[in-house]
Amino acid sequence: MGINGLLQQLKSISRQTHVSSYRGHKVAIDGYSWLHKGAYGCSRELCEGIWVDGYVRYFLSRIDMLLGNGVIPIVVFDGCRLPMKADEEESRRRNRREALERARAHAEAGNLTAATECYQRAVDIAPWMAKVVMEALREREVTCLVAPYEADAQMSYLALRNDVHAVLTEDSDMLAYGCPRVLYKLDRSGTGEEVVLKDLPLVRELNMAGFDHDMLLQMCILAGCDFLPNLAGVGIKKAHAMIRKHRDFVKVVRFLRFNGTSLPPGYEVRFQRTIWLFRHQRVYCPVTRALTHLRPLPPGGLAAADVLVLAALPTEGPERDALPFLGPPMEAEVAAGIAAGDLDPSTLQPFNLQAIYRGCAYPPRHLRALLLPPASATAAAAPALTATQGRASDGAGLSGSAGGGGGGSSSQSQGPHRNHHKHYNHHQFIMSQQPNNRHGRVPAVGKPPVPPNGRIDRYFFAPNPAVSQPFRAHAPPQRRGEAGRNGERVPGQQSPVGSRHGVHSNAG
DNA sequence: CGCTAGTCGTCAT
DNA sequence: CGACTAGCG
């Protein structure tokens, strides 16, 4: 959804922009939008658990285009699911499942065209696919970051801190989050449409005179967003008109009720929490390596300021301080493990690289040693990729595995079958809402999860680095038949990201 | 006529 | 997820 119909109203302030105008700047990229597009070309394989790297090649080609224009990409992926999104996620799952059944039926009948169409509707973008892309990006020394919750909020955080100059996405939510500069609809050549938040008063489609950010935000929510569906018959225009007239949603709701409109039960509470979610959602701070808020909570807590609907604030129980609707709190170590791409955000367990790369002929160089020996548990001396050791996949060759043997994702070929372990304790009261079980797989009672140890400072970057030195343009990406294949290196692409961020410092 | 609510396409050969 | 369009009010 994003914000229903918002972008159409911003045509007058959106400017055709080429990424080369960001030369030398860091730019945050919404990883899932490229992941999603890249997955269309190989949807059947992804649905059936067959190894493919088509979506990785697509992703890398986009990254190469940015690098070729001197842009420093910071790729941001979505993390854990937010409680307020649970409803819609369930219906999407159902739709995908039905599409998959139709796809298989068509394939059985020999109708490959229809099958492909259904497969494309059935593809699910799973965290392990982001992991594969992250490992490929590691070879290019491109910085990645997995948000604790929504990538949109995380990217807005980076932009508001001036860690990145702009955000590259397809999603109109960014403006509701208050992101100052967004580039939409980027094409293969590097051209997109830039929207600058400061230009908002200049919009010709809507009269935004006298609108502050709170009013803009409430207009967006009223028009319909991911966390709160719009009221029937209310789109962006009516939302604008009503906020313009009444200035806040409580007065709008009062007016609507007075007019005889009936609203869903709990609408005001949900609305208030949605406002807070856009303003204060939990994000990851790369500096403190812990959770923080997109914007600081008011001193004294949410109750102290900005409350339009008091009932939206839990007054007792564990939720009182946890404020789980902002994204349940989590230990700094867990957040850091997720952010670094070491922990699967859907299970809070380390990724099972053996399962993910099963069927991959040419895994990234830096993973080969780790992936090769299925029998010997030599992980002790192995470097950072850490806790993944010997998460035994099949009954065969159970390896000694320090700490966490509880793994059996014994199913067949792929990562798509995530392990359903028990969650970290503090997440339970929220995460357990999610019926996390697909095919009645036995969750193999696990030992306590392996904490991500030390070395998770890869992928990170310092705050407020001077974005000054210009970049040499380098040759366009290799155009050999199998360009960008796993493990091959394209010359001239070591961006200074790694070195500056102390990440994969090229040349020690 | 403006506006909202559904349907289609996203890749890449 | 957005773009496009039929069809509502």
Side-chain angles (χ1 to χ4, degrees), chain A residues 1-11 14 29-47 52-65 76-78 85 88-89 91-92 95-96 98-99 102-103 112-125 129-130 133 150-153 155 167-177 179 182-189 192-195 204-207 219-220 222-227 229-242 244 259 261 477 479 481-484:
Chain A
M1 297 205 303
I3 306 300
N4 292 335
L6 179 60
L7 282 182
Q8 285 75 25
Q9 305 303 318
L10 302 180
K11 284 217 167 74
S14 62
I29 295 153
D30 175 18
Y32 269 78
S33 74
W34 285 359
L35 222 38
H36 215 276
K37 286 184 181 178
Y40 271 86
C42 40
S43 51
R44 182 184 65 87
E45 290 85 350
L46 289 172
C47 286
V52 280
D53 64 357
Y55 64 95
V56 185
R57 293 216 298 272
Y58 172 80
F59 206 111
L60 293 181
S61 73
R62 289 300 182 98
I63 290 291
D64 287 341
M65 182 270 290
V76 181
F77 293 100
D78 285 308
K85 268 182 128 175
E88 200 204 329
E89 312 236 332
S91 91
R92 285 190 183 179
N95 291 339
R96 279 197 296 265
E98 290 167 9
R102 274 177 290 149
L112 295 186
T113 309
T116 300
E117 195 172 315
C118 292
Y119 275 129
Q120 289 175 343
R121 300 191 184 282
V123 218
D124 187 17
I125 305 301
M129 295 167 63
V133 168
E150 298 251 291
D152 294 342
M155 294 189 295
V167 166
L168 213 156
T169 183
E170 306 296 323
D171 193 339
S172 55
D173 278 351
M174 298 308 303
L175 297 166
Y177 281 110
C179 185
V182 186
L183 186 65
Y184 293 105
K185 309 188 213 308
L186 188 75
D187 66 17
R188 194 173 40 199
S189 77
E193 295 179 13
E194 184 187 70
V195 174
R204 284 195 291 258
E205 290 86 349
L206 303 169
N207 181 0
M219 178 187 88
C220 289
L222 215 44
C225 68
D226 286 349
F227 314 116
N230 59 326
L231 302 170
V234 176
I236 191 76
K237 293 284 191 181
K238 285 181 182 170
H240 168 259
M242 289 193 288
R244 184 169 175 69
N259 256 8
T261 313
R479 262 299 172 210
E482 299 270 12

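Remember, it's a predicted structure, so these values are computed and weren't measured experimentally. Chain naming here is simple, since letters A, B, ... match the order of the sequence lines and numbering starts at 1 in each.
- The phosphate of C:dC1 has neither OP1 nor OP2 within less than 4.0 Å of any side-chain N or O from A:Thr169.
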Identify all pairs in which a protein N or O lies below 3.5 Å from an N or O of nucleotides 6-9 of chain C, and state each distance.
none

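- Rounded to an integer number of Å, the gap from CZ of A:Arg44 to C1' of B:dA12 is 16 Å.
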* Asked: Which letters describe nucleotides 3-9 of chain B, given B = protein heavy atom under 4.0 Å from base, S = only from sugar-phosphate, - = neither?
  -> SSS----

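- Nearest to the side chain of A:Leu7, among C:dA3, B:dC11, C:dC1, sits C:dA3.
- Proximity of A:Lys238 to A:Leu231: side-chain heavy atoms (C-beta onward) are nowhere separated by under 4.5 Å.
- Inter-residue side-chain proximity for A:Val76 and A:Val167 is flagged as unmet; no heavy-atom pair is nearer than 4.5 Å.
- Looking at residues two or more places apart in sequence or on another chain, you find a side chain to side chain donor-acceptor pair (under 3.5 Å) between A:Asp30 and A:Thr169.
- Rounded to whole angstrom, the span from the CD atom of A:Gln9 across to the C1' atom of B:dG2 amounts to 11 Å.
- For the segment residues 29-37 of chain A, the set of residues with a heavy atom within less than 4.0 Å of an atom of DNA chain B comprises A:Lys37, in numerical order.
- Side chain of A:Thr116 to backbone of A:Leu112: a donor-acceptor contact under 3.5 angstrom is found.
- Phosphate contact (OP1/OP2 of C:dC1, side-chain N/O of A:Arg92, threshold under 4.0 Å): present.
- Remark: A:Tyr55 pairs with no residue by the side chain to side chain donor-acceptor pair (under 3.5 Å) rule, at least two apart or across chains.
- As a whole-Å value, the separation of A:Asp187 CG from C:dG2 P is 18 Å.
- A:Tyr119 is linked by a ring-ring contact (aromatic ring centres under 6.0 Å, His included) to nothing, counting only residues two or more places apart in sequence or in another chain.
- With rounding to whole Å, A:Ile3 atom CD1 is found 12 Å from C:dC1 atom C1'.
- Within a 6.0 Å sphere centred on CZ of A:Arg62, other residues, nucleotides and ligands contribute more than 12 heavy atoms.
- Every residue two or more places apart in sequence or in another chain was checked for a side chain to side chain donor-acceptor pair (under 3.5 Å) with A:Lys11, and none qualifies.
- The distance between atom CG of A:Leu186 and atom P of C:dC1, rounded to the nearest whole Å, is 19 Å.
- By the salt bridge (Lys or Arg N to Asp or Glu O under 4.0 Å) test, A:Arg96 pairs with A:Asp124, sequence neighbours left out.
- Partners of A:Lys37 by salt bridge (Lys or Arg N to Asp or Glu O under 4.0 Å), not counting sequence neighbours, listed by chain and number: A:Glu170.
- Side-chain atoms of A:Tyr177 and A:Asp171, non-hydrogen and from C-beta on, never get closer than 4.5 Å to each other.
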* **Nucleotide-level pairing of DNA chain B, given in dot-bracket where Watson-Crick and G-U pairs need both distances under 3.5 Å and | marks other strands** => |||||||||....

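- Going from atom NZ of A:Lys185 over to atom C1' of C:dC4 covers 12 Å, rounded to whole Å.
- For A:Gln8 and C:dC1, the CD to P distance is 15 Å, given to the nearest whole Å.
- For A:Lys85, the side chain to side chain donor-acceptor pair (under 3.5 Å) test picks out A:Glu150, with sequence neighbours left out.
- Between A:Lys11 atom NZ and C:dG2 atom P there is a gap of 13 Å when expressed in whole angstrom units.
- The salt bridge (Lys or Arg N to Asp or Glu O under 4.0 Å) check on A:Glu194 picks up A:Arg15, A:Arg181, with sequence neighbours excluded.
- Within the 4.5 Å cutoff, the side chain of A:Leu7 has no heavy atoms near those of the A:Glu193 side chain.
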